[in-house]
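Every heavy atom of this structure was used, including side-chain atoms; hydrogens, water molecules and symmetry mates were not. Here the structure is a predicted model, which means the values were calculated and not measured.
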Amino acid sequence: MELAAENTVRCELLLLQAKARRNLGKVEPSIESCRKALEIADQSHILCQAWLSLAHGLRIAERLEEALEALQSAEAIALAEGLQAEQSRIHYLRGNLYFMKGELEGCLHEHESSLELAEKTGSAQGGALALGGLGDAYYLGGQMQSALERFQACVALSKEHGFGRIEVANRHMVGWSRVFLMQIPEALDDALASVAMAQKVSHLRAEIIGTELAGSIELERGKLEACADYVERSLKLATQLNAGNFIAQALYLRARLHIAL
């Protein structure tokens with residue numbers, strides 16, 4: 001960035017920095033990088049990507065309304081410029097936000113739109129993301145078999161094309177879906193595999209969810225000492241990420257553990 005003379009190059013480097021920071025769990029610094037990119041972006045497609053990256057960081061920080069506003073800004077550019085790949089990603093991220101808000105119909109609609117655009121543009125990566133999003137939507141609606149099938153399809157497509165971070169972001173949801181289908185041993189395998197993958201690629205959010213899944217399963221199995229280890233680990237990681245939703249889930253799991261003890 002010190003050497004770059006053109007704003008376009010500086011923007012691309014700032015967005016790469018934002019992505020790296022986000023992947024390391026440094027969410028607020030990643031948001032700062034995005035805002036700097038927005039200040040100097042001088043091309044429409046870069047500006048759109050900057051708004052998308054900002055929305056991604058705000059989602060992780062659980063600042064949902066701000067993230068939705070960022071997506072509106074990105075969508076206005078994507079529609080005006082005919083950026084279909086970006087439109088697919090916008091629908092995907094909005095679907096994720098609706099999932100966190102508990103809005104089932106919006107979540108399902110957005111991920112269906114994302115998948116349609118991904119298939120139209122021939123984007124395997126967009127398709128993998130959308131399949132994971134559809135899994136979330138069916139999970140939210142309590143359709144666990146349909147959720148499991150979408151998550152498995154997402155993981156398979158990600159493995160085929162080497163989308164490691166998409167795979168690890170969805171592997172734990174295969175396990176969560178299996179819990180409700182009483183496939184308990186398989187769910188624990190998914191949880192532990194998800195945690196191992198997340199640690200390898202520094203995907204803090206996936207590590208938290210996989211760890212909480214393992215703790216939940218061990219609690220149901222009466223393995224209380226193992227559950228306690230997972231609870232404290234997930235709480236520590238969620239606090240590091242400053243993710244209120246995951247902190248609350250870890251505290252809830254800890255409360256259930258105390259009852260069992």
Side-chain angles (χ1 to χ4, degrees), residues 22-27 59-62 96 99-100 102 131-133 135-156 158-159 163-261:
R22 194 164 58 237
N23 289 346
L24 288 169
K26 300 178 180 180
V27 181
R59 178 182 73 90
I60 296 173
E62 299 182 359
N96 286 346
F99 176 80
M100 295 175 74
L131 283 168
D136 282 338
Y138 286 118
Y139 182 91
L140 186 61
Q143 296 174 263
M144 294 304 167
Q145 185 61 46
S146 294
L148 177 60
E149 290 169 1
R150 299 312 186 281
F151 287 129
Q152 287 176 323
C154 168
V155 169
S158 298
K159 280 184 176 180
F163 304 140
R165 295 192 71 78
I166 300 177
E167 180 184 352
V168 73
N170 288 275
R171 180 67 185 272
H172 56 80
M173 291 307 300
V174 174
W176 281 108
S177 302
R178 279 179 162 157
V179 166
F180 289 94
L181 296 170
M182 301 304 292
Q183 299 173 13
I184 304 302
E186 295 88 347
L188 183 57
D189 288 343
D190 287 319
L192 298 179
S194 174
V195 169
M197 289 178 64
Q199 290 173 341
K200 184 177 180 180
V201 301
S202 299
H203 197 306
L204 194 58
R205 189 173 185 274
E207 185 179 353
I208 294 169
I209 304 173
T211 302
E212 289 187 351
L213 171 59
S216 297
I217 292 170
E218 293 296 43
L219 178 62
E220 296 296 338
R221 283 158 36 100
K223 308 289 185 179
L224 303 187
E225 187 174 333
C227 174
D229 290 339
Y230 290 127
V231 167
E232 297 312 313
R233 174 67 177 163
S234 64
L235 184 57
K236 179 181 178 181
L237 292 171
T239 302
Q240 179 183 334
L241 193 61
N242 194 29
N245 187 43
F246 295 136
I247 293 171
Q249 288 182 25
L251 290 172
Y252 170 63
L253 183 56
R254 181 198 266 175
R256 290 180 58 209
L257 172 63
H258 284 307
I259 292 171
L261 289 167

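- In terms of heavy atoms, T211 sits closest to L237 at OG1-CD1, 4.5 Å.
- The line from CG of D190 to CD of Q152 is 8.0 Å long, rounded to the nearest 0.5 Å.
- In this structure a side-chain-to-backbone donor-acceptor pair under 3.5 Å is missing from Q199 to E207.
- Across all non-hydrogen atoms, the minimal contact from G210 to A191 is O-CB, 3.8 Å.
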Task: From CA spacing to verdict: side-chain contact (heavy atoms from CB on, under 4.5 Å), Y230, V195 - done: CA-CA 11 Å; Y230 290 127; V195 169; over 6 Å; no
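- Counting heavy atoms from C-beta on, the side chains of N23 and H203 never come closer than 4.5 Å.
- R59 contributes no side-chain N or O that, together with a main-chain N or O of N96, makes up a donor-acceptor pair within less than 3.5 Å.
- Here CE of M144 is found 13.0 Å from CD of E149. Values are rounded to the nearest 0.5 Å.
- Going from atom NZ of K236 over to atom CD1 of I247 covers 14.0 Å, rounded to the nearest 0.5 Å.
- The CD atom of E218 lies 10.5 Å from the CD1 atom of I184; values are rounded to the nearest 0.5 Å.
- In this structure, S177 and Y138 have side chains that are not in contact, with every pair of non-hydrogen atoms separated by 4.5 Å or more.
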Task: Chi angles and distances behind the side-chain contact (heavy atoms from CB on, under 4.5 Å) call for M173, L148 - done: CA-CA 8 Å; M173 291 307 300; L148 177 60; over 6 Å; no
TODO: Given salt bridge (charged side-chain N to carboxylate O under 4.0 Å, His left out), test E212 with R254 step by step and report yes or no.
DONE: CA-CA 10 Å; E212 289 187 351; R254 181 198 266 175; over 6 Å; no
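- A187 approaches V179 most closely through the heavy-atom pair CB-CG2, 3.8 Å.
- Aromatic ring orientation, Y139 versus F99: tilted (interplanar angle from 30° to 60°).
- Taken to the nearest 0.5 Å, the CG atom of L235 stands 13.0 Å off from the CZ atom of F246.
- Of the charged side-chain nitrogens involved, at least one lies within less than 4.0 Å of a carboxylate oxygen, so that E220 and R256 count as a salt-bridged pair.
- Atom CZ of R150 and atom CG of N170 lie 13.5 Å apart (nearest 0.5 Å).
- Side-chain atoms of W176 and I209, non-hydrogen and from C-beta on, do get closer than 4.5 Å to each other.
- Minimum heavy-atom separation, L219 to A260: CD1-CB, 3.9 Å.
- Between C227 and L257, the shortest heavy-atom distance links the atoms SG-CD1, 4.0 Å.
- Minimum interatomic distance between S194 and A206 (heavy atoms only, all atoms of both residues): OG-O, 4.0 Å.
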